[in-house]
Each structure stands twice: as structure tokens, then as C-alpha cells.
Amino acid sequence: MIATRDAYGEALAELGGENDKIVVLDADLSGSTKTGVFAKKFPNRFFNMGIAEANMVGTAAGLAAVGKVPFLSTFAIFAAGRGWEQIRQSVAYPKANVKIVATHGGVTVGEDGGSHQSVEDVAIMRAIPNMTVIVPADGEETKGAIRAVAAYKGPVYVRLGRNKVPSVFPAGHKFEIGKGVVVVPGTDLTFITTGLMTAAAVTAAEKLKAEGISARVLHIGTIKPLDKELVLQAAEETGAIVTAEEHSVVGGLGGAVAEFLAETCPTLMKRVGVYDRFGTSGKSDELLKYFGLNAETLIEEAREIVSRKK
Amino acid sequence: MKEKIADLEEKARRLRVAIVKTLHKSQSGHTGGSLSAIDMVCALYFHKMRHNPADPAWEGRDRFVLSKGHAAPALYVTLAECGYFPAEDLMMLRRLGSHLQGHPDSKGTPGVDVCTGSLGQGLSMANGMALGLKLDGKENRVYAVLGDGELQEGQIWEAAMAASHYKSDNLCALIDSNGLQIDGDVSKVMNVSSISDKFKAFGWNVIEIDGHDMGEIVAALDQAEAHKGAPTAIVAKTVKGKGVHLFENKASYHGVTPNDDELPEALRCLGCCD
């Protein structure tokens, strides 16, 4: 178990030694976002911009315009929320080579409450042309994703979490932008998941096996561009889809899959996520249970959707 | 030097003619703010900045950010005059398929490095460029032209704070202070004065000039370059619509173009006989 933000800090510090064009910006949260690890190693390439996210985004765009590879970090709510128009105009519109790595996404931020729980950032970023949106499942995938993002030319939004999450991928897992991964094979339905919900889906699939239900787990690390090939294959081969994300069901992974399948292969579907509401204070595990973001909900939805197939 | 100033003044006059003709042709775009900023843009491109129209991406170039992106015609006529693209292209301003978008777009126009137009964002980008160039140990400078109404955006002051904090003395902001915005007087819509005091309070080197006096513009740009340890703000008093009495000091000409009736008089004011 490792938090994806910790993996980010390690990956940044490692990549910083390989590519001196990488610069990092933070808005007074370098201890929490883990960019501080990079700052310690490469102080002259780290810019703390203070509590001023809009300016941080614009500054990163300027750094990219003179050939730097800027990574900027703050909490997801401030990056995608306060920085939205700056990201749209100064980063995505010109296809600036800026990497927005937002930490503390989703409800697992916990006790800080609904004001700090970003459940709409993926939808906001997905709606912007030219933007690539990545939500890794675990620490290992985060390391691979950050490496892939550094090598990719163009704007990217990566959404990470605050807490330690179970491992899904083995050490050295290679991340490819735009490629989903079938983590568990299965024939009766497919869990299409992202972020920490992929680990929950793996647990759910194991338990369903005992009941004679064969659930496939398709992990989508890149929400945009969506791996249409694997999603279509899952729809055609299993005939039932349950999406799951630590995010609103509006506009995130569930939305992306529903939009795509509605036009190509209408399929029985259920979306697990936060249903059009704000978060609330509580411990992370309490909140996951409260919003039904766990293996139990996935199992229930799987049983229900499989019964509807008949 | 006197000769140089006279040359720049003549250049600026010709650029004003080009602005009026371009906007008359497009029948869409911003007249007042293009004419108020053109003397400064002219001085930058024909006197101060190191740049190479034959190689727009030349690494040794100074950078320019038109933060008040609606003054795009002022930039476009200048880039065309420099030879970044043919002058005929100006007649396609704001047309479907043209590389001359309504606001500066780095993806299509040779010589444009960043996308601007959403007010308040340019100074952040300019400072980002300045920080990056410094990091590489380069001497290149970054110039940004801002509107006074634009200073109402809070991001400007975030950027002002950051540029001063990081001692970006390779950055120079030119404030085109024409005193007018869409809804009327800047002082009445949302008073931003004193602009100089504000930039001084944020740690900037401040120079006040008449933004239509070529001698003062050139001197201020030279002073800005010589100043070390802090970014420089050149606060330029200007006249919206400068050069054409029909448009001068009229907020209504913010986003309005010369019509057929106004064109001959506008060109006459600018000493244009053709």
C-alpha cells in the first residue's frame, strides 16, 4: 500500500535527474502534494507560487512556451476548480506542454469536508479539448503514468489521492497513455473502473466468482482519450457494464463510457460513483462506505445487472 | 536618435493606417485599444526587441505577450510589417480558416508565442517565460502589453507579486492606460488608480510616460532594460482611438470598427492619401 501522491513525489524526483527541462510549481502545498521531494533535490527548478493557483497555471504555460516541461500541483479542487479558465485558455487552447498533477482528489480527502472533496474535476478537465485525463489505480501505476506524461508532448491532467491505496499492479508496471488494462478476465459482466475503485472491483470479482458470476475488471487509467477498443470488447463480450469511480457519476468515467456505448453498442449499464451531491466530513473509509464506493456495492450492482441480462 | 524617433513615428502612423484598413475590411474587432497601444508595440518591434521574422522560433529572440488580446490588430499589422506573414493576410482577419484569429493564437500565427485574450492571464505567462529564460541563463527579455481595465483581474496582482518575488528583471510590463473599458471610464466601472502606486507596492520599478510620445517610450524601454533586481512597469498614459478624432476617447469604439462613411475621414486624419 502506498498513496499515489507519494509515488508522484518519488517519480518526479527521479525524472528530474533524467530531464533538466522538468520544472515544478506548487501553491503552498508542496508537503502534501509531495512536490517538496523534487524541491529538495532541485531547488532552482522548483517555484513555490504561493496561494495563487490561477497565476501558477499561467506561469507554467509561460515556462512551457520557452521549452520547459512544467509539472504543477495543488489539491484537485483548486487545480481544476480555481484554475479552470486559466487551464482552458493558457494551457489547453495553445496545447501547452503543461502537466497538471492534482492530488487529494475525491472524497477520501476526508475530514476537511465537502469544500475540499473534488468529485467533479475529472468531468471539468474531460470537457476541455486537447486535454488528456489520467487517474491511476495505485502507486505503481502512478510512477509509470508520471514517466509517460513527462515524455508526452501536450497538456495532461493527472488526478491522485491523499491516502494509501491497495496495490493493483506489480512493480515496474508500464503505463501507456490511452490504454486500458484487463486486470481480471471474466464473461458475465465487466467492471470498468478507475482510481482506487479498481482494487475494489478486483475484490468484488473474487467474491462473485464463488457465486458463479464471472466478472471482468477493466481498469481505465486514461479517462480521456478513452480506450474505446477495450470498452467495446467488454460490452460485446460480456453484455453488461458496471462503471465505478471516486467521482461524480456526471461527466467522469461512467459518463465517458455511457456516451461512447450509447452510440456504438447500447449495453446494460450501471454507474457507481457519487450521485450529484457534495461530499461531507468523515474518515476516508467511512466516506467510501457512506457513498457506496466499495466492493459490496459493486457486488450488489453486478448481481442486479446479471439478473437483468436474462 | 532624433532620426530614429522620427522613423518610428512614421512607422507608427503607417501601422495606424493598416489597423484602420484592416478593421474596416473585417467589420469585426477592436479599434480603440489597438490604436492606443500601437506606438508601444511599434517601438518594441522596430526598436527594442531582438527578433527574426525569417525565423519566428529563433531561440535568441525576446518574447512578446499581448495580454490585452483584443488589441490583436495592433500586433498583426506590426508582425505583417516586420515580414512574419504577407500583408494581404490582414484582410482575412477574423474570417473562417484564417490564421489571424480574433485574439492572438500561437497555434497559427507566425511570431505569436502564447494564446491571449482572456484578460488577466498574460502577465502570468510573461513571467513564466521570464523565469524559464533566466533558468537557462539567457539574456532574453520578455515584454507584455496590458490594458488598464485588465488590471481589475486579480490574477494580474498574483503575477505582479510573483514577478517581484522572483526578481524577474528580464520582464517589462507596459500598461496601455487609456482610461476606458467597455462599460465606460475605468475610474467609474472599477477604479484601479493609482496604477503606479500599486505596482510600486508590489515591488516593481515603475516608469510613467506619455504612451504616444515615441521619445518617452524608447527612453523608458531603455531604462527598463538597465534596471536590475526587479521587473519594470511602464505606465503609459494613452488615448483610446488615438490618431483618429472620430474614435478618440470614446468607450463606444472599444469593439466597434470603422464603417464606410468613417473610413475616408479616418484615413485623412492619419495622413493617408491612398
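Residue numbers start from 1 in every chain, and the chains themselves are labelled A, B, ... in the order their sequence lines are given, proteins ahead of strands.
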> Got a sec: does the NZ of Lys153(A) have more than 12 other heavy atoms crowding it under 6.0 Å?
Replying inline: no

> Which one, Asp113(B), Asp105(B), Asn140(B), leads in non-hydrogen pairs under 4.5 Å with chain A?
Replying inline: Asp105(B)

> When heavy-atom pairs shorter than 4.5 Å are enumerated against chain A, which of Asn127(B), Asp136(B), Val114(B) gives the highest number?
Replying inline: Asp136(B)

>> Does Glu18(A), at its CD atom, have more than 12 non-hydrogen atoms belonging to other residues, nucleotides or ligands within less than 6.0 Å?
In response: yes

>> Rounded at 0.5 Å granularity, tell me how far CZ in Arg45(A) sits from CG in Leu131(B).
In response: 14.5 Å

> Should the heavy atoms of other residues, nucleotides or ligands under 6.0 Å from CD of Glu139(B) be counted, would the total exceed 12?
Replying inline: no

>> Tell me whether the count of non-hydrogen atoms from other residues, nucleotides or ligands lying under 6.0 Å of NZ in Lys198(B) goes above 12.
In response: yes

> Hey, are the side chains of Val57(A) and Gln121(B) touching, using non-hydrogen atoms and a 4.5 Å cut-off?
Replying inline: no

> Would you find a donor on one side and an acceptor on the other, under 3.5 Å apart, between the side chain of Glu158(B) and the backbone of Asn55(A)?
Replying inline: yes

> Say you draw a straight line from CG of Leu135(B) to CZ of Phe47(A); how long is it, rounded to the nearest 0.5 Å?
Replying inline: 5.0 Å

> Would you find more than 12 non-hydrogen atoms of other residues, nucleotides or ligands less than 6.0 Å from Lys107(B) atom NZ?
Replying inline: yes

>> Using a 4.5 angstrom heavy-atom cutoff, name the option from Ser90(A), Ala61(A), Ala60(A) with the most pairs to chain B.
In response: Ser90(A)

> Which bit of Asn48(A) comes within less than 4.5 Å of chain B, counting heavy atoms only: side chain, backbone, both or neither?
Replying inline: both

>> Distance check, rounded to the nearest 0.5 Å: His103(B) atom NE2 versus Tyr93(A) atom OH?
In response: 9.5 Å

> Hey, what do you get for CD (Gln155(B)) to CZ (Arg82(A)), rounding to the nearest 0.5 Å?
Replying inline: 11.0 Å

>> Please identify, among Arg63(B), Met129(B), Glu59(B), the residue contributing the most non-hydrogen atom pairs under 4.5 Å to chain A.
In response: Met129(B)

> With respect to chain B, which residue among Lys95(A), Glu85(A), Arg88(A) yields the maximal number of heavy-atom pairs within a distance under 4.5 Å?
Replying inline: Glu85(A)

>> Counting only non-hydrogen atoms closer than 4.5 Å, does Ala159(B) touch chain A with its backbone (N, CA, C, O), its side chain (CB onward), both, or neither?
In response: both

>> Looking at every non-hydrogen atom in both residues, tell me the closest pair between Gly132(B) and Lys68(A) and how far apart they are.
In response: O-CE, 3.7 Å

>> Quick check on Asn44(A): does its CG atom have over 12 non-hydrogen neighbours (other residues, nucleotides or ligands) under 6.0 Å away?
In response: yes

